[in-house]
Amino acid sequence: MSLSQDELIKLAKLSRLSLSPQESESLRESISSIIDWVGQLQQAPVEGIEPMAHPHDQALRLREDEPVQLEDREVLMANAGERAAGFFLVPKVLD
Amino acid sequence: MGLMRQGIRTLRNALARREVSATELVETAFKEIGDDPLGAVLAMDREASLEQARAAQLRIDQGDASPLLGVPILHKDVFVTRAWPTTAGSRMLEGYRSPFDAEVVRRLDQAGMVCLGKANCDEFAMGSANQHSAYKPSRNPWSPTRVPGGSSGGSAAAVAAGWVVAATGTDTGGSVRQPASLCGITGLKPTYGRISRWGMVAYASSLDQAGPMAGSADDCAMMLNAMAGFDQKDATSLDRPEEDFTRYFGASLVPAQKHDEALPLKGLRVGRPKEFFAEGLSPGVAQPIDSALKTLEAMGAVVVDCSLPRTALSIPAYYVIAPAEASSNLARYDGIRYGHRAQQPRDLLDLYERSRSEGFGPEVKRRILVGAFVLSHGYFDAYYLQAQRVRRLIAMDFDSVFESCDFIVGPVSPTVAWPIEGRSQMDPLAEYLADIYTLGASLAGLPAMSVPCGFQIEDSLRLPVGLQIIAPRFEEARLLAMAHAFQQQTDWHKQQAPAQTEKRGVAI
């Protein structure tokens, strides 16, 4: 299948990516050919086969929900682009 | 010069006999790496490395006999480190400093290995040539005009160049085995869950697995001893009894059978899947692989024909599942808590979109978008669930071969290292197709190795070929012993890449 420009824009929006016009065109072409090509999976007979999400078919192990002391707040926040008064800053969300 | 190429045991003995000190090894490595003509290293910090070396030397001086103590290592830049920046080869994480060490880093640190810095890799480990690093491409020490493979290309190149004795890598669809093959070193992808993923920058969580890359199976086994083990912090970590991965070296691999020095692989059945030798395998690779199979037979193994009928489907299955998991994992990069943040955003959505668009490179964007497609409403069942069903069929194919075979052998890569020039504008599908022989073991979660087994001469270049050995799950100890036995009979793993003495002006 060939991905239309509108479909690509929708995927980009879902992925929180904004694409330049040149980027869009080259991605649309390569993604179309990838999707087309992985479509061959649909020819595989899979009747009665359960999807495999984990290579050993194990469920994720749960742990007790107990608080642990991590690094201090400053260390954990040191990589944030903008912060103030011990909080992460984001652009204004509510008017 | 040359000490790094002699393996961990030799190096460790030299340290114990005071022929060299841990700090001298760091100084030598820094001198050898110089201005990094191979583009193999992303971050180095002499003082941080020397500090670790001094601590290791102190333990050596006190008579500590730990087998990895004082031995230098590079960590692939997807393992987070406190003392070095971690970028995962992406602009998104430029300047990122982790508040903690990855579990692998912590374990090797505790074992006394001295970290020399961070190895270059494809951005977020997405690539098979190490040409998708946002910082610089890596080059192959056997010829700087060739790719080192990927995504652990910097790790493989640095070990093959003799700059460092060992390196860590990660393997999602072949990223330890393929660069090991293309650079002529030994690399192991263990059973999924064997090594903790805690602190590994996530790509595709149901496939990602760390592994050792070094000069021999012996070195890889010693590293695995330190790297493997249950970790409560990784929800997919396997709770397995502790084991010594060198325990079958020089012993029979068949239970209750006496070891035969002359026929060390006696009684082993080795499967040769016909799909790994079909059209697409270059004759220059097929020839050394065939010779390696004859060597295994001469060592007592019985090579039998077998079939992994869904081999061709492993590529589309992987390129649905891995991008799907990547699109979900990489959603965390929002420009807020860490990672690249766009300047002067109009609003929150603009902050997200521009931070991500500026921070991610083209291949990462491509995989995120493919992942979003296969997970989206209307396509989820036809693509994503279908890929997971095919994944199970692929795993069942391996199980059925292992009912009558101890190992599966074949090539790692259909070709030797390809030229950097000319393929840089390569169609992404062409790069994906080169992963055909490694993806099956990844999807099935099986342990698999690349072991040097010869060379192909191409354009008067001598380029390494790797033999892939795949084992049933949890059978790393036998797998490593099989590779070790092969390396006792052959010297392909001891062949040295030309010295990297000056920066080469090769444009790409």
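Reminder, nothing fancy here: chain letters follow the sequence lines and each chain counts from 1.
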* NZ/B:Lys233: more than 12 non-hydrogen atoms of other groups inside 6.0 Å -> yes
* Structure fact -> The reported gap from CE in A:Met77 to CZ in B:Arg337 (rounded to nearest 0.5 angstrom) is 11.0 Å
* Under 4.5 Å from a heavy atom of chain A, the part of B:Glu358 involved -> neither
* Asked: Of the backbone (N, CA, C, O) and the side chain (C-beta and beyond), which part of B:Leu207 lies under 4.5 Å from a heavy atom of chain A, both, or neither?
  -> neither
* Asked: Do you know which of B:Leu330, B:Leu238, B:Val374 has the most heavy-atom pairs under 4.5 Å to chain A?
  -> B:Leu238
* **Heavy-atom closest contact (A:Leu41 atom, B:Gln386 atom, distance)** => O-NE2, 2.9 Å
* Asked: Quick one: CG on B:Leu385 to CE on A:Met52, what's the gap to the nearest 0.5 Å?
  -> 14.5 Å
* Asked: Which of the residues B:Phe373, B:Tyr319, B:Tyr96, B:Tyr384 is involved in the greatest number of heavy-atom pairs with chain A at under 4.5 angstrom?
  -> B:Phe373
* Asked: Of the backbone (N, CA, C, O) and the side chain (C-beta and beyond), which part of B:Pro362 lies under 4.5 Å from a heavy atom of chain A, both, or neither?
  -> backbone
* Asked: Can you tell if the side chain of A:Leu17 reaches within under 4.5 Å of the side chain of B:Glu353, non-hydrogen atoms only?
  -> no
* To do: Select one option (side chain, backbone, both, neither) describing which atoms of B:Arg341 are under 4.5 Å from chain A's heavy atoms.
  => side chain
* B:Ala444, part contacting chain A, at a heavy-atom distance under 4.5 Å -> backbone
* Asked: What are the two closest non-hydrogen atoms of A:Trp37 and B:Leu429, and how far apart are they?
  -> CE3-CD2, 3.5 Å
* Atom CZ in A:Arg61, atom CG in B:Asp239: separation rounded to 0.5 Å? -> 7.0 Å
* **Side chain, backbone, both or neither of B:Ile315 within contact of chain A (heavy atoms, under 4.5 Å)** => both
* Considering only heavy atoms and a distance below 4.5 Å, find which of B:Tyr192, B:Phe100, B:Tyr338, B:Tyr352 pairs most often with chain A. => B:Tyr192
* Do you know which of B:Ile368, B:Ile336, B:Val390, B:Val370 has the most heavy-atom pairs under 4.5 Å to chain A? -> B:Ile336
* Asked: Looking at B:Lys365 and A:Glu23, does any basic side-chain N land under 4.0 Å from a carboxylate oxygen?
  -> yes
* Just jot down the side-chain contact (heavy atoms from CB on, under 4.5 Å) partners of B:Arg310, sequence neighbours excluded, or say none. => B:Leu313, B:Leu393, B:Ile394, B:Asp397
* Roughly how far, to the nearest 0.5 Å, is CD of A:Gln42 from OH of B:Tyr383? -> 5.0 Å
* **B:Arg367 portion near chain A, given a 4.5 angstrom heavy-atom threshold** => neither
* Could you look at B:Asp234 and say if it's the side chain, the backbone, both or neither that has a heavy atom under 4.5 Å from chain A? => backbone
* Structure fact -> Assert top hit (heavy-atom pairs under 4.5 Å, partner chain B, pool A:Glu50, A:Arg16, A:Lys10) equals A:Arg16
* To do: State the CG-OG distance between B:Leu369 and A:Ser15, to the nearest 0.5 angstrom.
  => 4.5 Å
* Asked: Taking every heavy-atom pair that is under 4.5 Å apart, which of B:Gly339, B:Ala235, B:Pro99, B:Ser98 has the most such pairs with chain A?
  -> B:Ala235
* **Short side-chain donor-acceptor distance under 3.5 Å, B:Arg354 and A:Ser18** => no
* **Under 4.5 Å from any heavy atom of chain A - which part of B:Tyr379** => side chain
* Max heavy-atom pair count under 4.5 Å with chain B, selected residue of A:Leu76, A:Val75, A:Ile31 -> A:Ile31
* Asked: Of all of A:Gln43, A:Lys92, A:Arg63, A:Gln40, which one pairs up most often with chain B through heavy atoms under 4.5 Å apart?
  -> A:Gln40
* **Proximity breakdown for B:Leu351 and chain A, heavy-atom pairs closer than 4.5 Å** => side chain
* To do: Look up atom CZ in B:Arg366 and atom OG in A:Ser26, then write down how far apart they are to the nearest 0.5 Å.
  => 6.5 Å
